[in-house]
Structures are given as structure tokens and as C-alpha cells.
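I have placed the structure first, in the form of C-alpha cells, so that the comments after it can refer back to it.
What you are looking at is a predicted structure, and each value in this text was computed from that prediction instead of being measured.
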Amino acid sequence: MPELPEVSTFQKYFDGTSLHQRIESVEVQDAMIIRNVSGEEFIDRMTGRTFLSTYRRGKYLFARMDNDEHLLLHFGMTGDLNYYSEPEERTKYERFVFHFDNGRHLGFDCPRKFAKIRYIEDLAGYIADIKLGEDALVITDADFLKQTEGKTATIKGFLLNQSHLAGVGNLYADEICYQTGIHPASRVNNLSETQKLDIYGAMQRILQEAINRNAYYKDYPENWFWEWRKEGEPGPNGEGIVQRTKIAGRTTYYIEGIQELY
DNA sequence: TGTGATGTTGAATG
DNA sequence: GCATTCAACATCAC
């Protein structure tokens, strides 16, 4: 699930459920996804804390605590949040859970364990360390253009690189290319400034529209990727043929005859 | 039952 | 040093 719009939805969920409650205890079922401290240390440091606010940058969600340190939640491919009251509401792949002093629980569910949880003492330092780019919805058109300078990668690879700009994942990258009529394997250095600005505009519009629908695909316009990514079939409005290939190491769909290669 | 999966990383290569 | 590519990561669902 989690690209920028999905993580934005997780943020709303977290804000709406888990702030301003003291963590009475922490249970770790599987410490593998906790990356920089042991399960025991995680329990130790989180117990007694209260979440005060959140900050999202790309697909990274940081929860600020009452000691001004942060918990990083990165959802990987299959991370999910589950706030509940009754034990039977636990999800099958809950990896750890915060038990709040109001009797509620916030579970972190992740079947495939690609999620990354970190205890962060220095937020700015961490973001600098991993060279996390500006959020895709926050970056200005001028900075977006600046990021493209000197790049020879495919446009899809560029959009997926989280240090150029943060938040675009595989599905939305395909959608951005589709809606701008540009072949995802086009080289960044072959695109005109107008085309780059087109991509920038489509990116922000698509991400924002997705957020407005809470990243719930069934509410997306019917010509969006969740409908059109079907290999060998005609594209939306019966135009072109949907192709499936691999670009920048990721499965990629595009529509032959609609998206031009530069 | 083998294959692929909405993400990131580090090693290898140019 | 920089940009890019790609296999590896752990596991489940189809």
C-alpha cells in the first residue's frame, strides 16, 4: 500500500487515534523490523512516552514524543496501523503494539517485514544522513527542475529516487508518466523544460487527488492505474495497448501508442 | 508450486 | 566522486 498518499492516510489515522496518550507498556512480537535498537531497548525507551505530533516526508512518518525525540515509521511494502480496544481486533501479522493508558492499543502490522522502525534522537541529522529529498508535494517547480539537472536516468527511475524527491513509488510513477503521455523509459536529459514541468504538475495533482480520496483506490477516477494496468488490454477510452516491462528495476506498465519515448 | 509484490539498500559498474 | 542499475532482503498470496 504505502506510497506518499497512503502514508499521508496513515498520518491522519495516527493523528486521529494515537496522540496524547501515555504508552503504558510495549509488546514486541517480532523485533526484526526495528532497525537501530533491540526489542528490549525499544520497549525500554518507548514505555512512558506520549506522542504529541507527526511529521511526514515522502513515505517516512515521524512521530514526535514528549521528550522531543521521534519514532520513525516506514511502512515498507506491507506495513499498516491498527488502533483497537479489544484483543480480538489484533491483526494477524502484528509485529509490535503500544498499550496506552486509556486501554486502547496501537498495533503495527507487517506481513512481509520490509518496514523500518527506528528510534530517532536527532530528526534533522537522520534526514540528512539518508539524504532524503524534499517531499514531492512540498518541492517547488524550480527545485524540481534543479533536481533534474545532469540526470541521465529514465524518468521513472528519477521519480522513484527518494533523494531527488520523496514520496513517489511504483504505481504513482506509472500514473504520472501515463497522464503526461511520456514513456517511462524516456531519459530525463531528453525532456524539455515544458515536459518536466508537465510531469511536476501531474505529480502534484495526482498525489493530492489520491490524498483527497484517502488513498482508497476504489474512489479513484476510473481511468487511473488501478483500472488500466492490465497487460495486453486496450488503455482507457480504448486507446493504445497496455504493455508490461521492467524499467528502473521495477515492473512497469505503459500504453503503447499513447506514451512517447524521448 | 513457482512467481511476483505499492520499498530500500549496498555493491558493482560506467 | 557521481549517477545508475540490479540483486538481495523476508514472507505471503495467488
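- Listed pair A:T78 / C:dC12 fails the phosphate criterion, with no side-chain N or O lying under 4.0 Å from OP1 or OP2.
- Here the P atom of nucleotide B:dT9 and the CG atom of A:L132 are 9 Å apart, to the nearest Å.
- Side-chain nitrogen and oxygen atoms of A:R244 include at least one within less than 4.0 Å of the OP1 or OP2 phosphate oxygen of B:dA5.
- Using a 4.0 Å cut-off between charged nitrogen and carboxylate oxygen, A:R90 and A:E27 count as a salt-bridge pair.
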So what's the dot-bracket for DNA chain C: Watson-Crick or G-U pairs under 3.5 Å, [ ] if a pair crosses, | if it pairs off-strand?
.||||||||.||||

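- Ring geometry for A:H164 against A:F158 counts as parallel: the plane angle stays under 30°, on a 0 to 90° scale with 60° as the upper cut.
- With hydrogens and angles left out, the side-chain atoms of A:Y178 and A:Q259 include no donor and acceptor closer than 3.5 Å.
- Between A:K156 and A:D174 there is a salt bridge, with a side-chain nitrogen of the basic residue lying less than 4.0 Å from a carboxylate oxygen of the acidic one.
- In this structure, A:K131 places its NZ atom 12 Å from C1' of C:dG1, rounding to the nearest Å.
- Side-chain atoms of A:D143 and A:Q147 form no donor-acceptor pair, as typed in the model, at a separation below 3.5 Å.
- Between A:F98 and A:F108, the ring centre distance reaches or exceeds 6.0 Å.
- Closest contact between the side chain of A:E3 and the listed nucleotides B:dG4, B:dT6, C:dA10 involves B:dT6.
- In this structure, the CG atom of A:D80 is 15 Å from the C1' atom of C:dC12, given to the nearest Å.
- The residue A:R95 sits apart from the nucleic acid: no heavy atom pair falls under 4.0 Å.
- Closest approach to the A:N170 side chain among B:dT6, C:dA3, C:dT5 is made by B:dT6 (side chain taken as heavy atoms from C-beta onward).
- The shortest distance between the side-chain N/O atoms of A:Y93 and the OP1/OP2 oxygens of C:dA13 is below 4.0 Å.
- For the pair A:H74 and B:dG7, the criterion of a side-chain N or O lying under 4.0 Å from OP1 or OP2 is not met.
- Among the nucleotides B:dG7, B:dT8, C:dC12, the one closest to the side chain of A:M77 is B:dG7.
- Residues from residues 108-130 of chain A lying near DNA chain B, meaning a heavy-atom separation below 4.0 Å, are A:R112, A:F114, A:K116 in numerical order.
- Phosphate contact (OP1/OP2 of B:dG4, side-chain N/O of A:T251, threshold under 4.0 Å): absent.
- Counting all heavy atoms, side chain and backbone alike, A:R250 lies closest to A:L160 at CG-CD1, 3.9 Å.
- Rounded to whole Å, atom P of B:dA5 lies 7 Å from atom NZ of A:K246.
- Taking atom NZ on A:K151 and atom C1' on C:dT4, their separation rounds to 11 Å, with Å as the unit.
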